[in-house]
> 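The structure under discussion is supplied below as structure tokens; questions concerning it will follow.
All values derive from a computational prediction rather than experimental measurement. Along the sequence shown, the residues carry numbers beginning at 1.
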Amino acid sequence: MQISLKDLKQYPSFLLDTTVSNECYKFKVKWIDENNLNKSMFAWNVSIHSTIRDTLMPNVKPRYAGYTCWRAVVQTEPNLRGFNPKVFIETWVRKGRFGLGPLQDNRIYGFSYVNAKVKNSPLRNFTVQNLGEIFEGYHDPIPEILAQTSDNQLLQHDIYDLPPINHFVFGNIVLLGDSAYSMTPNLGQGAEQPMKMQSSLQLI
């Protein structure tokens, strides 16, 4: 980056003007204290709904994957029946998928998917009880995890990915993360790909 972390520390916070010129590929950083800093810089932009990518590649749009997801982090008791804290599991049944990932301090990351039309309003209002009805009869510890989950812990999102694009660099702008290669979560690449790109950038 041509703007170093040392440069940024002198400003408490800043806003990024996402107006990008296709002719020069430059950003204008708007500092909240109303000082403006105009420099060429690499842009770290990691959202699948990136306004920067939309400007640079207007024909590349997120694609709905055909299913929606609920997620929560749940505090559980030690020695939860049917759960090995060293094993990540994902169960596939016709009604939907349910996954459990071990975290520290007896916490579990739980997620579930069901096929659905995009922006399905009833699903956005689902409660833990609704999920319990869908996943009724699933193996342990899924019923117990749902029983220990509260409605305000649930996060619901439709799942999208991006069609493959041939390049991520536009002048002095580099698209990173989900803005460049967003994939569906079941591919298990969410953490790996950004680390690979970061390693590549360090070689430039």
Side-chain angles (χ1 to χ4, degrees), residues 45-50 53-54 57 60-165 168 175-198:
N45 188 267
V46 296
S47 170
I48 187 174
H49 300 291
S50 167
R53 187 199 62 244
D54 286 347
M57 308 182 75
V60 176
K61 300 296 182 184
R63 307 178 298 190
Y64 180 54
Y67 54 92
T68 196
C69 174
W70 294 267
R71 298 171 292 156
V73 174
V74 182
Q75 185 72 48
T76 65
E77 298 297 327
N79 304 316
L80 183 66
R81 184 177 64 182
F83 183 70
N84 183 341
K86 296 182 179 180
V87 177
F88 178 98
I89 64 173
E90 185 170 343
T91 301
W92 291 42
V93 182
R94 186 178 297 273
K95 292 187 295 183
R97 290 179 278 167
F98 205 107
L100 298 172
L103 302 174
Q104 291 182 331
D105 302 323
N106 297 317
R107 294 177 302 152
I108 293 178
Y109 169 59
F111 58 92
S112 55
Y113 302 115
V114 298
N115 293 340
K117 293 182 179 180
V118 65
K119 298 181 180 178
N120 185 312
S121 296
L123 294 181
R124 290 176 177 234
N125 297 319
F126 256 34
T127 64
V128 173
Q129 181 179 347
N130 296 133
L131 290 180
E133 293 169 358
I134 291 179
F135 297 103
E136 183 178 4
Y138 276 44
H139 62 80
D140 291 332
I142 292 174
E144 183 65 23
I145 293 297
L146 286 172
Q148 296 181 27
T149 305
S150 62
D151 291 340
N152 61 8
Q153 290 177 292
L154 286 180
L155 298 175
Q156 184 271 334
H157 295 94
D158 289 339
I159 301 299
Y160 291 82
D161 70 356
L162 283 178
I165 60 179
F168 308 136
L175 296 177
L176 295 181
D178 283 349
S179 68
Y181 41 72
S182 180
M183 308 174 195
T184 54
N186 61 295
L187 297 179
Q189 297 292 305
E192 181 178 0
Q193 292 300 323
M195 287 190 289
K196 285 182 176 178
M197 179 166 273
Q198 181 183 15

> Can you name the residues that form a salt bridge (Lys or Arg N to Asp or Glu O under 4.0 Å) with E90, not counting sequence neighbours?
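By the salt bridge (Lys or Arg N to Asp or Glu O under 4.0 Å) rule, E90 matches R97.
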> Please list every donor-acceptor pair under 3.5 Å in which a side-chain atom of residues 77-88 meets a protein atom from a residue at least two apart or in another chain.
| residue | atom | partner | partner atom | Å |
| --- | --- | --- | --- | --- |
| R81 | NE | D140 | OD2 | 3.1 |
| R81 | NH2 | D140 | OD2 | 3.4 |
| N84 | OD1 | K86 | N | 2.9 |

> Can you tell which of D178, T184, I48 makes a side-chain contact (heavy atoms from CB on, under 4.5 Å) with Y160?
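Among D178, T184, I48, the one that satisfies the side-chain contact (heavy atoms from CB on, under 4.5 Å) with Y160 is I48.
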> With distance as the sole test, does S179 use its side chain to make a donor-acceptor pair with the main-chain N or O of L175 at under 3.5 Å?
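Flag not set: sc S179 to bb L175 has no pair under 3.5 Å.
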> Side chains of residues 106-122: which donor-acceptor pairs under 3.5 Å do they make with residues two or more places apart or in other chains?
| residue | atom | partner | partner atom | Å |
| --- | --- | --- | --- | --- |
| R107 | NE | Q104 | O | 3.1 |
| N120 | OD1 | L123 | N | 3.3 |

> Please collect all side chain to side chain donor-acceptor pair (under 3.5 Å) contacts where either partner lies in residues 125-134, sequence neighbours excluded, each pair once.
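The answer is T127-N130.
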> Say whether, by atom type as modelled, one donor and one acceptor occur between the side chain of K61 and the main chain of P163 under 3.5 angstrom.
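It does not hold such a pair.
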> Among residues at least two apart in sequence or on other chains, which ones pass side chain to side chain donor-acceptor pair (under 3.5 Å) with Y67?
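Checked Y67 against side chain to side chain donor-acceptor pair (under 3.5 Å); matches are N186.
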> What pairs of residues pass the salt bridge (charged side-chain N to carboxylate O under 4.0 Å, His left out) test when at least one of them lies in residues 62-75, not counting sequence neighbours?
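Qualifying pairs, neighbours excluded: R63-D161.
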> Under the side chain to side chain donor-acceptor pair (under 3.5 Å) test, which residues partner Q153, sequence neighbours left out?
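Here the qualifying residues are S150.
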> Who pairs with S182 by side chain to side chain donor-acceptor pair (under 3.5 Å), at least two apart in sequence or on another chain?
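With neighbours one apart ignored, the set is empty.
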> Using ring pair (Phe, Tyr, Trp, His ring centres under 6.0 Å) as the criterion, list what pairs up with Y138, not counting sequence neighbours.
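F135.
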